[in-house]
Trainee: 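Attaching a single structure in structure tokens format; questions to follow.
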Amino acid sequence: MDIIVVGLSHNTASLDIREMVAFSKNDIEKPLTALVALEGISEVIIISTCNRVEIYASVCDHELGIEAIKKFFSHWHQLPCTVIEPHLYSYHSHAAIRHLFRVASSLDSMIVGEPQILGQIKTSYSYAAEFKTSGIIMNRLLHKAFSVAKRVRTETAIASSAVSIAFAAIERTRNIFETITDKTVMLIGVGEMCELAARHFTAQGVKSILVVNRTLERAISLADLYQGTAYCLSEFEQHLHKADIVLSSVGGSDFLITQKSLEHILPKRRNKPMFLIDLAVPRNIDPSVNELDGIYLCDMDNLQQTIENNLTERKREADKAEKIIAEEVDQFSRWISGLEITPTIVALRHQFEILRQTELDRTLTIWKDAPIDAEQRLNSLTHAIINKILHYPTVTLRECALGDEKQSNLYIDALHSLFDLKPD
């Protein structure tokens, strides 16, 4: 029995290729059941996201299993092997376990430390459990992957610093305000950046959100998602004084917010601080507003530097995470090895026990004048002999399982042949 993974990711394939081999979550039962029907494959989990498509399996022979899954990719998606295979990677045993642990801990993600991948793996596992394509091996492997990811996040700071523009901008607000739960946020624009910021600000518990856009209908659509208020861009200056935090990301060549416009609203704000975040290129906010008392401005250059610093910090934390993963891979590999060794040891002991009991019964049958306690004494004696005979082979098998997989397999095969073992 072995664990394998065959797949591709943003590291090996373009988005076009990843889209061609993706599996739809709405129709995931069919490929899962088709995979476990293949000879030599007993358990399967498919992880299919925008950045990776991977198939994990428990197999009898890793070389045959890997080849079967490569052919499955081609057959299922009706694509020539020559199109897919150059982008595929495959691992088995320790390397496959390590790969999954790294993926779950987001060390193999496009952005190291991002949290989404763990949720995606949990969803993939739930499908395998629902459609009964995971068993004792995959169940244990995936639960261990979840605990490893949790340990990495608990024992390292890999996800503690912002590495997206929107979240870095929100993180900067902590330098200005002790809390933002009593603050009003104005978003100028309804693009992806503003939508992401709205989600982050809401999660941080801001008091209210105002959404401004050239098209009022689109502003209303975004505002309704977060129980906010929408305004047309042409009237935003009338409401600018209400905002403690302003995040702007709209196209245009002229400044939307200038020093003059802020001087006009400051008395209405009673000089309370105001934090402006300019995510537009070209910029929406005149850099000179930074000269005003109580006005704080950051732009893309400021945020990019923050992100680069945070990415450097994440890479340092990733080194700590790799050590944790190495420990966990070793521990899980011991469990897998134990699964292979234990049935052989049980079968060997069972075989010796049958021989012992047969000979004991034969001796007692022909021993006519045996003492009353003869059976008890012989039972203890023969048990002790069997235990002593099997002690060293058992210890050697377990030690080989932990350190030398090839030697361990040789011993197992030899025992099966020499003693005609048929382990369950």
Side-chain angles (χ1 to χ4, degrees), residues 2-93 95-112 114-135 137-139 141-142 145-146 149:
D2 204 347
I3 292 172
I4 63 171
V5 57
V6 181
L8 48 76
S9 72
H10 60 278
N11 294 317
T12 65
S14 66
L15 180 59
D16 290 344
I17 298 294
R18 300 199 302 272
E19 286 176 338
M20 284 195 285
V21 298
F23 295 92
S24 169
K25 65 180 180 180
N26 298 322
D27 200 29
I28 199 69
E29 181 181 5
K30 291 178 182 177
L32 282 171
T33 52
L35 279 161
V36 292
L38 295 176
E39 185 177 355
I41 296 178
S42 56
E43 302 177 38
V44 167
I45 289 172
I46 296 174
I47 296 174
S48 184
T49 73
C50 59
N51 284 332
R52 72 180 62 249
V53 181
E54 296 178 338
I55 296 174
Y56 292 83
S58 172
V59 298
C60 296
D61 182 293
H62 70 262
E63 290 183 354
L64 295 177
I66 288 171
E67 190 59 32
I69 292 177
K70 284 182 178 179
K71 289 179 180 176
F72 176 85
F73 264 112
S74 176
H75 171 75
W76 190 263
H77 296 291
Q78 298 183 341
L79 292 168
C81 289
T82 52
V83 173
I84 303 175
E85 196 152 349
H87 305 282
L88 291 175
Y89 46 78
S90 61
Y91 306 108
H92 71 94
S93 304
I97 297 165
R98 178 176 180 271
H99 180 75
L100 176 60
F101 290 178
R102 293 187 79 253
V103 170
S105 302
S106 80
L107 294 182
D108 195 56
S109 296
M110 194 174 287
I111 298 176
V112 172
E114 59 87 10
Q116 287 82 9
I117 185 62
L118 185 59
Q120 292 166 334
I121 294 174
K122 288 182 177 180
T123 300
S124 299
Y125 172 56
S126 71
Y127 291 139
E130 179 183 354
F131 300 121
K132 297 180 172 56
T133 64
S134 66
I137 305 298
M138 288 293 122
N139 290 343
L141 176 64
L142 269 293
F146 302 150

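This structure is a prediction, so every number in the text was calculated from the model and none was measured. Along the sequence shown, residues carry numbers from 1.
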Trainee: Ignoring hydrogens and angles, tell me if any N or O in the side chain of Arg52 forms a donor-acceptor pair with the backbone of Val103 under 3.5 Å.
Mentor: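 Looks like no, no N/O pair under 3.5 Å.
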Trainee: Assess whether side-chain contact (heavy atoms from CB on, under 4.5 Å) is satisfied between Ile41 and Ile4, documenting all intermediate values.
Mentor: CA-CA 10 Å; Ile41 296 178; Ile4 63 171; 5.8 Å; no
Trainee: Tell me the closest heavy-atom pair linking Ala96 and Tyr56, and the distance in Å.
Mentor: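 Scanning both residues completely, I find the closest heavy atoms to be O-CE2, 4.2 Å.
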Trainee: To the nearest 0.5 Å, how far apart are OG in Ser9 and CD1 in Ile17?
Mentor: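 Reported value, rounded in 0.5 Å steps: 13.0 Å.
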Trainee: Is there side-chain contact between Asn139 and Tyr125, with at least one heavy-atom pair below 4.5 Å?
Mentor: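 A side-chain contact exists here, since the closest heavy-atom pair is under 4.5 Å.
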Trainee: Looking at CG of Leu32 and CD of Glu130, how far apart are the two atoms once the value is rounded to the nearest 0.5 Å?
Mentor: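 Atom-to-atom, Leu32:CG and Glu130:CD are 10.0 Å apart.
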Trainee: Ignoring hydrogens and geometry, is there a side-chain-to-backbone donor-acceptor pair from Ser42 to Ser58 under 3.5 Å?
Mentor: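 Checked: pair present.
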Trainee: Is Thr33 reaching over with its side chain to a backbone N or O of Lys30, donor-acceptor style, under 3.5 angstrom?
Mentor: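 Yes.
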Trainee: Side chains of Leu8 and Val21, heavy atoms from C-beta outward: is any pair under 4.5 Å?
Mentor: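 Touching, per the 4.5 Å side-chain cut-off.
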Trainee: For the pair Ser105 (side chain) and Leu107 (backbone), establish whether a donor and an acceptor sit closer than 3.5 Å, ignoring hydrogens and angles.
Mentor: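 No.
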Trainee: With heavy-atom distances below 4.5 Å as the criterion, would you say the side chains of Val59 and Leu64 are in contact?
Mentor: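 Result no, sub-4.5 Å side-chain heavy-atom pair not found.
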Trainee: Keeping Arg18 on the side-chain end and Cys50 on the backbone end, is there a donor-acceptor pair under 3.5 Å?
Mentor: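 It does hold such a pair.
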Trainee: With heavy-atom distances below 4.5 Å as the criterion, would you say the side chains of Ser90 and Val6 are in contact?
Mentor: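 In contact.
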Trainee: Checking the side chain of Ser74 only, and the main-chain atoms of Lys71 only, is there a donor and an acceptor separated by less than 3.5 Å?
Mentor: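 Side chain of Ser74 to backbone of Lys71: no pair is present.
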Trainee: Starting at OG1 of Thr12, measure out to NE2 of His87 and round the result to the nearest 0.5 Å.
Mentor: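 Those atoms lie 7.5 Å apart.
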Trainee: Measure across Asp2 and Ser93 and return the closest heavy-atom pair with its distance rounded to 0.1 Å.
Mentor: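 For Asp2 versus Ser93, the nearest heavy atoms are OD1-OG, 2.8 Å.
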Trainee: Can you give me every donor-acceptor pair (side chain of residues 115-124, partner residue at least two apart or in another chain, under 3.5 Å) with its distance?
Mentor:
residue	atom	partner	partner atom	Å
Thr123	OG1	Gly119	O	3.1
Ser124	OG	Ile46	O	3.3
Ser124	OG	Gln120	O	3.0

Trainee: Side chains of Val5 and Ile69: does their closest heavy-atom pair fall under 4.5 Å?
Mentor: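 Counting from C-beta outward, Val5 and Ile69 never come under 4.5 Å.
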Trainee: Between Ser48 and Ala22, is there a donor-acceptor pair closer than 3.5 Å when you use the side chain of the first and the backbone of the second?
Mentor: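 No, Ser48 side chain to Ala22 backbone: no donor-acceptor pair under 3.5 Å.
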Trainee: About how many Å separate CG of Leu142 and CD of Glu43, when rounded to the nearest 0.5 Å?
Mentor: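 Answer for the CD-CG pair, Glu43 versus Leu142, is 10.0 Å.
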Trainee: So which heavy atom on Ala145 is nearest to which on Ala104, and how close?
Mentor: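 Answer, listing the atom of Ala145 first, then Ala104: O-CB, 3.9 Å.
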Trainee: Parallel, tilted or perpendicular, judged at 30° and 60°: which one describes the rings of His92 and His62?
Mentor: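 Ring orientation of His92 relative to His62: parallel.
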Trainee: How long is the span from the CD1 atom in Ile45 to the OG1 atom in Thr133, to the nearest 0.5 Å?
Mentor: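 So the CD1 of Ile45 and the OG1 of Thr133 are separated by 6.5 Å.
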Trainee: Could you walk me through whether Met20 and His77 pass the side-chain contact (heavy atoms from CB on, under 4.5 Å) check?
Mentor: CA-CA 7 Å; Met20 284 195 285; His77 296 291; over 6 Å; no
Trainee: Would Leu35 and Trp76 count as a side-chain contact (heavy atoms from CB on, under 4.5 Å) here? Give the steps.
Mentor: CA-CA 10 Å; Leu35 279 161; Trp76 190 263; over 6 Å; no
Trainee: Could you measure the distance from the CG atom of Asp61 to the CD atom of Glu39? Nearest 0.5 Å is fine.
Mentor: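 With rounding to 0.5 Å, CG (Asp61) is 10.5 Å from CD (Glu39).
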Trainee: For a side-chain contact (heavy atoms from CB on, under 4.5 Å) check, start with the C-alpha distance between Leu141 and Phe101, then their side-chain angles and the critical distance, and finish with the verdict.
Mentor: CA-CA 9 Å; Leu141 176 64; Phe101 290 178; 4.1 Å; yes
Trainee: Any side-chain heavy atom of Tyr89 sitting closer than 4.5 Å to one from His99?
Mentor: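 SC-SC contact between Tyr89 and His99 confirmed.
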